[in-house]
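Okay, so here's the structure we're looking at.
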Amino acid sequence: MLVALKFPPHFTIIIMQCVRSPKFSSAINGSLHGFFEGKRGLRQGDPLSPLLFVLCIEYLSRILKVVGEKEEFQFHPRCKVSKLNHLCFADDLILCCKGDFRSVYLMMQGFKLFSNTTGLQASPSKTSVYCTGMPETEVQRILVMTGFSKGSFPFRYLGLPICSKKIRVGECEKIVENMCARIKIWSSRNMSFAGRLTLIMVLPKGVYNTVNAICRNFLWKGTIDAIGPAMGKHVWMIATKKDNMWVRWVNNVYIKDGSWWDYSPKVCDSWYWKSICTVKDLMKNYLSETQLISITKYTIKEAYCCLAPVLCKVPWTNAVWDRLSLPKNRFITWLAMLERLNTKDRLLKIGVSADNCTTKIGMQNAPKLLSATFQWIFSRRITKFRRGVYSTLVMSVAYHIWIERNNATWNSQVRCIDKVCSSILQNVYNRVNGVMPKEISNRDHIWFSTLFAG
């Protein structure tokens, strides 16, 4: 294979030595013992294995291209213009053609040549034939010839359900279960907002990016649509005419010689294509075609900023999100500033009788009081560290007022003011002392120690 693809002879010799000379050892009771030669080439997981596999698949792709050039072969109706008869990702392979015996036979002959040359064969238990709009006699001939079983839609490819109709919720159940495995466990617990936020933030980066919308729903008990900016990348790819197979296929099947920006889907088009067109119409309300094409690299963040309303930066953001404060204190203060705490006065504003509702009691006029306090702190000519300590004290006070009023309402527990103040000072001192910046002046050190000396 390497020789046929005209790799340098020296390179080919080195690669074949790596393939023919692997040795393995056995781990017994935690220690390695002996070596034995591998008789079947590289093991799965070897860094060299996927690279060589890609070369083998390139050979299969060239064979199938030759098959597609034969006069007897007929492409799938939706793939005739693009001359597409296969899709592959690693060892997942899809072969497609018109539903006639001769075309399938030519495909299998090409695949048989590939198997005889490379030794790679399809697993009958993992391979299925999918037919639609074909006579049953023709289907049976194909099943007998291929030796594979008949499959039914939807089938899974790369972990996703593939079907001709709109995907139902039940068909995506496994995906949802994998995405929400941790959140389902957390939902059964009686956790505060800060606890929920902490659990969301400890997700791995890749998982966090994937389930971001679901995490927001879990946090607020609401729904936020994050699909538009994500699917907008398809709109951008078509508008910029990216050189890839999917864009070429879309232009050949749907758009053809028309204008993408003015295109409207037909009633008989697929549900997924209609969804992309819906996102395009949404983006047209915020972007022109020229603006979309001018984007050199599409990111969901930029798209979300374009589609989301422009909001002014609030003056208290630096105070609330100062790292000196405890996360739970910052979060409760943030909710109070946005008037999102579950309070009786908030329910009265929206016309709900608070006396008949099971709800927690919060702080009245908290946004105005906190905003004025933060404004006073940042108007003073003091160091950044001292501003942070003052803000931490304010947020700790707000948090403890919230907790104490809830305990008084629901648990009938009222602590004396001295104990509450002592708890506030102790929490602030421990927090600031634990995350104190390295680069602060001696005067600030002395000031901080003196502030909490009593």
Side-chain angles (χ1 to χ4, degrees), residues 192-198 200-201 219-220 309-346 349 360-408 414-454:
S192 63
F193 279 115
R196 298 177 191 177
L197 180 65
T198 302
I200 289 173
M201 297 305 294
L219 183 63
W220 294 111
V310 179
L311 301 176
C312 298
K313 186 177 180 180
V314 293
W316 43 263
T317 178
N318 293 331
V320 171
W321 298 113
D322 191 286
R323 66 181 297 270
L324 291 181
S325 180
L326 286 168
K328 60 182 180 181
N329 295 356
R330 295 199 298 259
F331 195 74
I332 291 297
T333 306
W334 177 58
L335 289 177
M337 296 297 293
L338 297 178
E339 298 186 14
R340 292 299 301 268
L341 284 175
N342 294 327
T343 61
K344 286 187 176 181
D345 57 295
R346 180 174 169 231
K349 287 182 180 180
K360 297 179 180 179
I361 298 179
M363 301 168 288
Q364 295 180 353
N365 302 322
K368 294 181 180 179
L369 294 174
L370 291 172
S371 181
T373 305
F374 289 135
Q375 186 176 0
W376 176 81
I377 292 174
F378 276 76
S379 66
R380 299 191 63 193
R381 295 183 179 181
I382 54 178
T383 62
K384 181 180 178 181
F385 173 73
R386 297 190 185 188
R387 288 198 191 101
V389 174
Y390 283 140
S391 300
T392 302
L393 276 168
V394 172
M395 286 184 279
S396 183
V397 170
Y399 175 79
H400 279 79
I401 291 176
W402 167 257
I403 294 298
E404 293 303 322
R405 295 186 71 177
N406 285 332
N407 286 334
V414 180
R415 293 197 301 172
C416 64
I417 297 178
D418 292 339
K419 289 186 177 181
V420 175
C421 292
S422 176
S423 177
I424 293 173
L425 294 175
Q426 187 65 36
N427 288 341
V428 172
Y429 177 79
N430 292 337
R431 171 64 181 181
V432 176
N433 194 45
V435 297
M436 184 175 294
K438 296 180 180 179
E439 299 178 357
I440 60 172
S441 63
N442 290 331
R443 293 183 61 183
D444 284 339
H445 265 294
I446 297 172
W447 171 82
F448 178 73
S449 300
T450 306
L451 185 67
F452 292 92

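Since the structure is predicted, the reported quantities are computational estimates derived from the model, not experimental observations.
Contact between Gly388 and Asp322 at its shortest, heavy atoms only, is CA-OD2, 3.7 Å. A pairwise comparison of heavy atoms in Pro437 and Leu324 identifies CD-CD2, 4.1 Å as the closest pair. For the residue pair Met395 and Val320, the shortest heavy atom distance occurs at SD-O, 3.4 Å.
Proximity of the aromatic rings of Trp402 and Tyr399 is defined here by a centroid distance below 6.0 angstrom, and this criterion is not met. A distance below 6.0 Å separates the ring centres of Tyr390 and Trp447.
Without hydrogens or angle criteria, Ser422 side chain to Lys419 main chain gives no donor-acceptor distance under 3.5 Å. Under the 3.5 Å distance criterion, the side-chain polar atoms of Arg330 are matched with a main-chain donor or acceptor of Ser325.
The one candidate from Leu451, Val389, Leu326 that meets the side chain to side chain contact (heavy atoms under 4.5 Å, CB included) condition with Val432 is Val389.
Within a 6.0 Å radius of CZ in Arg415, more than 12 heavy atoms belonging to other residues, nucleotides or ligands are found.
Remark: the Ser396 side chain and the Asn427 side chain contain no N/O donor-acceptor pair separated by less than 3.5 Å.
Remark: Arg431 pairs with no residue by the salt bridge (Lys or Arg N to Asp or Glu O under 4.0 Å) rule, at least two apart or across chains.
Classification of the Phe448-Tyr429 ring pair by plane angle, with boundaries at 30° and 60°, yields parallel.
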